[in-house]
Visitor: 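Shown below is the structure under consideration.
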Amino acid sequence: MLSTIPSDVLQAVSSLLPGVTKFENFIPASGGCINSGGKLITQSHHYFLKWNSREAFPDMFSLEAKGLNLLRETKSIYVPGVMGVAEGESNQFLLLEYVEQTPLTEDYWNNLGVQLAALHRHHNLVAGLDHNNYIGSLTQTNTCDENWITFFIEQRLLPLIDRAIKKGNAAASWMSDFDRVFAKLPNLLPNDEPSLLHGDLWRGNVITNSAGDPCVIDPAVYYGHREMDIAMTKLFGGFDQAFYASYAEAYPLIPGFDSRCDLYNLYPLLVHLNLFGPAYENEIRAIVRRFS
């Protein structure tokens, strides 16, 4: 179904793959709500191609490519290789190594815990990143801060609270409710050395590679407290308990994580509130009430 690929994307992909003389087929992937994408088959290789509107989501794929490469350079966990990123007249696209998914190995969850711990041992002096990026279709600001808790408030929670209020997904009174939580955060959250984070580590963004081992996709990378990644794994179904046990053995968490886990998850829940509407409002309210 090559006809489903916009002509400007197909033309730009051709220029990235000068040795390819023929595109044989394209098999669309299901489930994308921001991007179109799927398996692009040539006479010699398979790729994963995804695209969207360059006007609607400026630089989304060039920023995603930076994040993938940053994770890949750590050699901690399998990440698809970036084959190219470019823009056509109307669309932008990202061309990736095609990862053939196979059944999970017996040690899959143990390995994922060890590998994520290895990723989190890549530290930075400040929280944030040298550029902004995206989480889902929302811009994620990464202005650096020496204080993780200040970064968490100012670069993660406040922009989304403000957006939700302006969009009518939250009442203006939320700001004062959150202010009470913010005042308590220095006594509730540890302020450790920032780690390199995947940033959007829910179950849908962890797949297998051709060997059945862990592979991560669709990151929203930055340097922050590593408990952010662990907390997010507990949303939307959670990970196997073997993952948490192996991570704890490889890189033990500071005691009390379970009691503060929901504070970290205010961020992805606010992301979902802004993207999908008020279905997440009650869960956010309950967390805020508990900690205010």
Visitor: Under the side chain to side chain contact (heavy atoms under 4.5 Å, CB included) test, which residues partner Q11, sequence neighbours left out?
Guide: none
Visitor: I need the minimum non-hydrogen distance between W148 and A127, along with the two atoms involved.
Guide: CE3-CB, 4.1 Å
Visitor: Under the side chain to side chain donor-acceptor pair (under 3.5 Å) rule, what pairs show up with a residue in residues 279-288, not counting sequence neighbours?
Guide: E281-R285
Visitor: Determine all donor-acceptor pairs shorter than 3.5 Å in which one atom belongs to a side chain in residues 268-278; sequence neighbours excluded.
Guide:
residue: H272; atom: ND1; partner: P268; partner atom: O; Å: 2.9
residue: N274; atom: OD1; partner: A164; partner atom: N; Å: 3.2
residue: N274; atom: ND2; partner: L160; partner atom: O; Å: 3.2
residue: N274; atom: ND2; partner: L270; partner atom: O; Å: 2.9

Visitor: Measure the shortest side-chain to side-chain distance between Y264 and K234 over non-hydrogen atoms and say whether it is less than 4.5 angstrom.
Guide: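 Side-chain contact under 4.5 Å: no.
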Visitor: Would L197 and I149 show up in the same hydrophobic cluster when neighbours are defined by side-chain heavy atoms closer than 4.5 Å?
Guide: yes
Visitor: Can you say whether the rings of Y244 and F239 are parallel (under 30°), tilted (30 to 60°) or perpendicular (over 60°)?
Guide: tilted
Visitor: Would you sort out whether F151 and H225 count as a side-chain contact (heavy atoms from CB on, under 4.5 Å), showing the intermediate values?
Guide: CA-CA 10 Å; F151 176 88; H225 201 290; over 6 Å; no
Visitor: Just by modelled atom types, is the L63 backbone N or O under 3.5 Å from a matching donor or acceptor in the N133 side chain?
Guide: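 Judged by distance alone, no pair lies under 3.5 Å.
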Visitor: side-chain contact (heavy atoms from CB on, under 4.5 Å) between I77 and L112: does it pass, once the steps are laid out?
Guide: CA-CA 8 Å; I77 190 166; L112 180 60; 3.6 Å; yes
Visitor: Applying salt bridge (Lys or Arg N to Asp or Glu O under 4.0 Å), name anything that partners K166, two or more places apart in sequence or on another chain.
Guide: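 Checked K166 against salt bridge (Lys or Arg N to Asp or Glu O under 4.0 Å); matches are D162.
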Visitor: Do E64 and L94 have side chains that get closer than 4.5 Å, going by heavy atoms?
Guide: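 Yes, at least one pair of side-chain atoms sits under 4.5 Å.
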Visitor: So if you build clusters from Ile, Leu, Val, Met, Phe, Trp, Tyr with side-chain heavy-atom gaps below 4.5 Å, do V114 and W109 land together?
Guide: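 No, no single cluster joins them.
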Visitor: Looking at E249, I want to see if its CD is surrounded by more than 12 non-hydrogen atoms of other residues, nucleotides or ligands under 6.0 Å.
Guide: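 For E249, atom CD is not crowded (no more than 12 foreign heavy atoms under 6.0 Å).
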Visitor: Of all residues at least two apart in sequence or in a different chain, which pass the ring-ring contact (aromatic ring centres under 6.0 Å, His included) check with Y247?
Guide: H120
Visitor: Indicate if F236 and I217 have the same hydrophobic cluster label, given that clusters are the connected sets of ILVMFWY residues with side-chain heavy-atom separations under 4.5 angstrom.
Guide: no
Visitor: Within the structure provided, determine whether P58 and Y134 are in side-chain contact (heavy-atom separation under 4.5 Å).
Guide: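 Side-chain contact under 4.5 Å: yes.
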Visitor: Report the hydrophobic cluster partners of I27, with the cluster defined as I, L, V, M, F, W, Y residues connected by side-chain heavy atoms closer than 4.5 angstrom, directly or transitively.
Guide: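 Direct or chained contacts put I27 with I41.
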Visitor: Could you please spell out the steps behind the side-chain contact (heavy atoms from CB on, under 4.5 Å) verdict for K66 and V82?
Guide: CA-CA 9 Å; K66 282 186 176 183; V82 176; over 6 Å; no
Visitor: Mind checking whether L129 and V85 sit in one hydrophobic cluster, side chains of I, L, V, M, F, W, Y counted as touching below 4.5 Å?
Guide: yes
Visitor: Looking at T74 and H122, what are the two nearest heavy atoms and their distance?
Guide: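 Looking at all heavy atoms of both residues, the closest pair is CB-NE2, 3.5 Å.
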Visitor: Can you tell me if E193 has over 12 outside heavy atoms packed within less than 6.0 Å of its CD?
Guide: yes
Visitor: Can a donor-acceptor pair be found between the side chains of R260 and N265 at a distance below 3.5 Å?
Guide: no
Visitor: With sequence neighbours left out, write down each residue that passes side chain to side chain contact (heavy atoms under 4.5 Å, CB included) with R54, or none if nothing qualifies.
Guide: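 With sequence neighbours excluded, R54 shows a side chain to side chain contact (heavy atoms under 4.5 Å, CB included) to E87, Q92, given in chain and number order.
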Visitor: Is the number of heavy atoms from other residues, nucleotides or ligands within 6.0 Å of NE2 (H45) greater than 12?
Guide: no
Visitor: Does D218 reach the side chain of K50, with side-chain heavy atoms less than 4.5 Å apart?
Guide: yes
Visitor: Using a 4.5 Å cut-off on heavy atoms from C-beta on, say whether the side chain of L253 contacts that of R226.
Guide: yes
Visitor: Write down the atom of A171, the atom of I165, and the distance for their closest heavy-atom approach.
Guide: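 Nearest heavy atoms, A171 then I165: O-CG1, 3.6 Å.
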Visitor: Using every non-hydrogen atom in the two residues, find where F48 and K39 come nearest and quote the distance to one decimal.
Guide: CD1-N, 4.4 Å
Visitor: Evaluate the criterion side-chain contact (heavy atoms from CB on, under 4.5 Å) for residue pair L119 and V216; output intermediate values, then yes/no.
Guide: CA-CA 12 Å; L119 174 66; V216 295; over 6 Å; no
Visitor: Please examine the side chains of F93 and N91, heavy atoms only from C-beta on, and report whether any two atoms are closer than 4.5 Å.
Guide: no
Visitor: Check whether any side-chain heavy atom of N191 lies under 4.5 Å from a side-chain heavy atom of F152, and answer yes or no.
Guide: no
Visitor: Compare all side-chain heavy atoms of V288 with those of L266 and state whether any distance is below 4.5 angstrom.
Guide: yes
Visitor: L235, F243: one ILVMFWY side-chain cluster at the under-4.5 Å cut-off?
Guide: yes
Visitor: Please give me the minimum heavy-atom distance between S137 and I34, naming the atom from each residue.
Guide: N-CD1, 3.4 Å
Visitor: List for me each residue that meets side chain to side chain contact (heavy atoms under 4.5 Å, CB included) alongside L2, sequence neighbours excluded, and say none if there are none.
Guide: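 If we apply the side chain to side chain contact (heavy atoms under 4.5 Å, CB included) test to L2, skipping adjacent residues, the hits are I5, F23, F26, L40.
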Visitor: Who are the salt bridge (Lys or Arg N to Asp or Glu O under 4.0 Å) partners of D240, not counting sequence neighbours?
Guide: none
Visitor: Identify each donor-acceptor pair in which a side-chain atom of residues 172-182 lies under 3.5 Å from a protein atom, sequence neighbours left out, and give them as a table.
Guide:
residue: S176; atom: OG; partner: S173; partner atom: O; Å: 2.9
residue: D177; atom: OD1; partner: R180; partner atom: NH2; Å: 2.8

Visitor: Considering residues at least two apart in sequence or located in another chain, which fulfil the side chain to side chain contact (heavy atoms under 4.5 Å, CB included) criterion with K75?
Guide: none
Visitor: Please name the pair of heavy atoms, one in I254 and one in P190, separated by the smallest distance, quoted to 0.1 Å.
Guide: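 Result for this residue pair: CD1-CB, 3.6 Å.
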Visitor: If we ignore hydrogens and angles and just use 3.5 Å, is the side chain of D8 paired with the main-chain N or O of S90 as donor and acceptor?
Guide: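 Checked: pair present.
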Visitor: Show me, pair by pair, the donor-acceptor contacts under 3.5 angstrom made by side chains of residues 202-213, not counting sequence neighbours?
Guide:
residue: R203; atom: NH1; partner: G238; partner atom: O; Å: 2.8
residue: N205; atom: ND2; partner: D200; partner atom: O; Å: 2.8
residue: T208; atom: OG1; partner: T102; partner atom: N; Å: 3.1
residue: T208; atom: OG1; partner: T102; partner atom: O; Å: 2.7
residue: N209; atom: OD1; partner: A211; partner atom: N; Å: 2.9
residue: N209; atom: OD1; partner: G212; partner atom: N; Å: 3.2
residue: N209; atom: OD1; partner: D213; partner atom: N; Å: 3.0

